Structures are given as structure tokens and as C-alpha cells.
Amino acid sequence: KPAVWDALMPNTGLTALIRNLANLTRIGWLDERERLDYVVNRLNSEEDLTIARIHPLAILLAASTYSAGRGYRGTNTWDANPAVVKALDSAFYKAFRNVEPIGQNIYIGLDVSSSMMGSYVAGSNLSASEAAAALSMLYLRTEPKVIIKAFTTQMKDPGLKATDSLKDVLRKTQNVAFGGTDCALPMLDAMKNHYDVDLFMVLTDSETWAGNIHPFQALQRYRDTMQKPNAKLVVVGLTANEFTIADPNDGGMLDVVGMDASVPSIIRAFALGQI
């Protein structure tokens, strides 16, 4: 009931508030202007975002569900409040200051095959292309040395910039969408162009490979050619199927299935040898 939330709200953390935005909307708590202003102000508060240490991906996932007006699971529905949607968008960008960088030379291979727009991250309303764009944007804004290229059966530079919004990244990557999926291309491209890479990331919708060399073989070739024996590879399979791209016997390769706010932390710990 709204009266219960009136009592709870002064001691409700920002993470809990974000998780309950749909409930607050559904029961009419946000219908009163004073309550709506309170929520919007908290979402726009850089101090609250810093104290709560909310990851931008957590906000993005919450925003995608809230904006959809229904949960991925369950039958509850609600009419998303435009002011809340706008505040979540603002909070997403402000939360980038909470991200701890890896601080290595990073090469991100972004799958732009057509299937990326039609598959969805499990448990969310985000398409694989939206999730990949968000991850790309995350590293563009927080890492000092990052190369991002799009691939299918060939490589293309989508021209991404650190100042791009999520809509900009989506537009640029979808404009170069083409072909099948060859997840070995990022390593081969880095070798061809003599890029100094410590960490490769391949963002895909769990397609395997469509080229003449397997991705783990391409990484081994890069290591040998560039004399980078410790170069690592993380494959983020944004949708879940029975895929495997990394070599499970190689401690420098990691498969990640799905995406939530913990994924960047796992990737960082892996890159730095903490796991």
C-alpha cells in the first residue's frame, strides 16, 4: 500500500528504490507529484549514485524492464512514467563514474550479424545488440586504451567515440550490420595490424565460428606472432546456448554466458589475474 511505502522510503537505499520502481508505479504511489519529484531527484543525485555504487549496467537493465511496462517473468504490468524513464536514462550515464577501469590494452570485437538484433539477453528485455552496445560504451568511457571493431565474416570500424550516447553506438553498429559470424577475426585483425593487446573481448549472441580458424587458435597465433604469451580472451555470449569458443584448458581464456552488472567485475578480475 502507498502508506507503507511512505513509511519505508526515508530508509530505502537507491538500489532497492530502483528495483521497486515498477511496484511503486503499479500501486499508484508515484501519482502524487511530491513522491514523483522525490524519486526523480534521487535518481538524478550523483551523491546517491556514488554512495550506492550502482553499476550503469544495473540501471540499464532496470530501465529496459521499467520502460517495457511488464516484467520478463510474472504477469504484473504498469504504465511507465515518462519522468522516471528520463531520470533512469540520466542515472545510467552518471553511474559511469562508479566503474573501476582495468587499465590494460583492450581490443573489443563486436558481433554485428543480423541475429544480434533478434536475440535477447536471458531474464531481460535487452536485445543482444543493445547489450553489446552498452558494454562497448562502458569500456569506451572508462578505459584509456581500447580498440572496438565490428565483425561478421569481415572486420569494419564503426567509428565509435567515448562521447557517443547509447543510441549513437546502436545506430553506428547497426549501420554496419552484415554477414555471418567469425569470432576469430578480432585476433587475426590485431595480428595483421600489429596491435599491442593484453585483453581481447568478443561480444556475440553465442554464435560459434564461421571461418577457417577457431578463435582459440587465432589467439594462440596472436600470442606467438606478437610475442604476447599472456594475452587473454573473454568471449561474452549474450544469449545462452550450448556454445563454447574459449579453450577450457587454457587459463587465459574465459567464456561468459549472459549479462548482468557483475560481468564487468568478473572480466576485470580475470584480466588482472585475480581469478
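What you see is a predicted model; the values in this text were computed from it and never measured.
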> Where do Leu110 and Thr173 land on the side-chain contact (heavy atoms from CB on, under 4.5 Å) test, with the steps shown first?
Replying inline: CA-CA 8 Å; Leu110 178 58; Thr173 53; 3.3 Å; yes
>> Quick one: does any side-chain atom of Arg70 pair with a main-chain N or O of Asn76 as donor and acceptor, under 3.5 Å?
In response: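 No: the side chain of Arg70 does not pair with the backbone of Asn76.
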>> Looking at every non-hydrogen atom in both residues, tell me the closest pair between Pro186 and Asp182 and how far apart they are.
In response: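 Result for this residue pair: CD-O, 4.2 Å.
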> Quick one: does Glu143's side chain have a donor or acceptor within less than 3.5 Å of a partner on Gly103's backbone?
Replying inline: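 Looks like yes, one N/O pair under 3.5 Å.
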> Looking at Arg42, Arg35, Glu34, which one forms a side-chain hydrogen bond (donor to acceptor under 3.5 Å, both in side chains) with Tyr38?
Replying inline: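 When Arg42, Arg35, Glu34 are each tested with Tyr38, the side-chain hydrogen bond (donor to acceptor under 3.5 Å, both in side chains) holds only for Arg42.
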>> Asp196 and side-chain hydrogen bond (donor to acceptor under 3.5 Å, both in side chains): which single residue from Lys228, Gln104, Lys145 fits?
In response: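 Filter result, single survivor: Lys228.
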> With a 3.5 Å cut-off and no angle check, do the side chains of Asp6 and Trp29 form a donor-acceptor pair?
Replying inline: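 There is such a pair (donor and acceptor under 3.5 Å, judged by atom type) between the side chains of Asp6 and Trp29.
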>> For Phe96 and Phe92, take the angle between the two ring planes, folded into 0 to 90°, and tell me which bin it lands in: parallel under 30, tilted 30 to 60, perpendicular over 60.
In response: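 Phe96 and Phe92: perpendicular rings.
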>> Under a 3.5 Å distance rule, please check whether Tyr107 uses its side chain to pair with a backbone N or O of Asp198 as donor and acceptor.
In response: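 Between the backbone of Asp198 and the side chain of Tyr107 there is no qualifying donor-acceptor contact (under 3.5 Å).
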>> Check whether Phe200 forms a cation-pi arrangement with Lys232 (NZ or CZ under 6.0 Å from the six-membered ring centre, at most 45° off the ring normal).
In response: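 Checked: cation-pi criterion not met.
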> If you group Ile, Leu, Val, Met, Phe, Trp and Tyr by side-chain heavy-atom gaps below 4.5 Å, do Val234 and Leu272 land in one group?
Replying inline: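 Val234 clusters together with Leu272.
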>> For Asp111 versus Phe151, what's the shortest heavy-atom pair and its separation?
In response: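 Closest heavy-atom pair between Asp111 and Phe151: N-CE2, 3.4 Å.
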>> Does atom CD (Gln274) have a neighbourhood of more than 12 heavy atoms from anything else shown, all under 6.0 Å?
In response: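 Yes, CD of Gln274 has more than 12 neighbouring heavy atoms, counting only those of other groups under 6.0 Å.
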>> If the threshold is 4.0 Å, N to carboxylate O, is there a salt bridge linking Lys172 and Asp168?
In response: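 Between Asp168 and Lys172 there is no salt bridge, as every charged N stays at least 4.0 Å from the carboxylate O atoms.
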>> Keeping Gln174 on the side-chain end and Arg171 on the backbone end, is there a donor-acceptor pair under 3.5 Å?
In response: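 Such a contact is absent between Gln174 side chain and Arg171 backbone.
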> What about Leu160 and Tyr93, same hydrophobic cluster or not, with Ile/Leu/Val/Met/Phe/Trp/Tyr joined at side-chain heavy-atom distances under 4.5 Å?
Replying inline: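 Cluster IDs for Leu160 and Tyr93 match.
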> Should we say atom CZ of Arg221 is surrounded by more than 12 heavy atoms from elsewhere, each under 6.0 Å from it?
Replying inline: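 Atom CZ in Arg221 is not crowded, with 12 or fewer foreign heavy atoms closer than 6.0 Å.
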> Which pair of non-hydrogen atoms, one from Asn125 and one from Ala68, has the smallest distance, and what is that distance?
Replying inline: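 Result for this residue pair: ND2-CB, 3.8 Å.
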>> The test is salt bridge (Lys or Arg N to Asp or Glu O under 4.0 Å); show your working for Arg223 and Asp250 and say whether it passes.
In response: CA-CA 13 Å; Arg223 287 170 172 169; Asp250 189 322; 2.7 Å; yes
> Which atom names give the shortest non-hydrogen contact between Pro264 and Leu135, and what distance separates them?
Replying inline: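 In this case the closest contact between Pro264 and Leu135 is CG-CD2, 4.3 Å.
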> Between the main-chain N or O of Tyr66 and the side-chain N or O of Trp78, is there a donor-acceptor pair closer than 3.5 Å?
Replying inline: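 Confirmed, Trp78 side chain pairs with Tyr66 backbone.
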> Under the side-chain contact (heavy atoms from CB on, under 4.5 Å) criterion, do Leu57 and Asp260 qualify, and how do the steps go?
Replying inline: CA-CA 7 Å; Leu57 291 185; Asp260 63 15; over 6 Å; no
>> Looking at Ala63, is its backbone amide N or carbonyl O close enough to the side chain of Ser67 to form a donor-acceptor pair, meaning the two atoms are under 3.5 Å apart?
In response: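 Confirmed, Ser67 side chain pairs with Ala63 backbone.
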>> Is it the case that the side chain of Asn98 and the backbone of His55 share a donor-acceptor pair, with hydrogens and angles ignored and the cut-off at 3.5 Å?
In response: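 Answer holds: no.
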> For Leu36 and Asn81, what are the C-alpha separation, side-chain angles and deciding distance, and is it a side-chain contact (heavy atoms from CB on, under 4.5 Å)?
Replying inline: CA-CA 9 Å; Leu36 178 61; Asn81 188 298; 3.8 Å; yes
>> I'd like to know if Lys156 and Asp189 make a salt bridge, using a cut-off of under 4.0 Å between side-chain N and carboxylate O.
In response: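 Looking at Asp189 together with Lys156, the answer is no, because their closest N to O distance does not fall below 4.0 Å.
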>> Whether the side chain of Arg141 engages the backbone of Asp164 through a donor-acceptor N/O pair (distance < 3.5 Å, no angle test) should be reported.
In response: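 Yes; judged by distance alone, with no hydrogens or angles, the pair exists.
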>> Set out, in order, the CA-CA distance, both residues' side-chain angles and the distance that settles side-chain contact (heavy atoms from CB on, under 4.5 Å) for Leu199 and Ile267, then state yes or no.
In response: CA-CA 10 Å; Leu199 176 66; Ile267 292 174; 4.1 Å; yes
> So which heavy atom on Tyr195 is nearest to which on Met226, and how close?
Replying inline: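 That closest heavy-atom pairing would be O-CE, 3.6 Å.
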> Between Asn41 and Asn44, does any side-chain donor sit less than 3.5 Å from a side-chain acceptor?
Replying inline: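 No pair is found: no donor N or O on one side chain lies under 3.5 Å from an acceptor on the other.
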> Any idea which heavy atoms bring Ser127 and Val121 closest together, and the distance?
Replying inline: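 Smallest interatomic distance, heavy atoms only, reads O-CG2, 4.3 Å.
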> Can you check whether Leu61's main-chain N or O pairs, donor with acceptor, with Ser64's side chain at less than 3.5 Å?
Replying inline: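 Yes, Ser64 side chain to Leu61 backbone: donor-acceptor pair under 3.5 Å.
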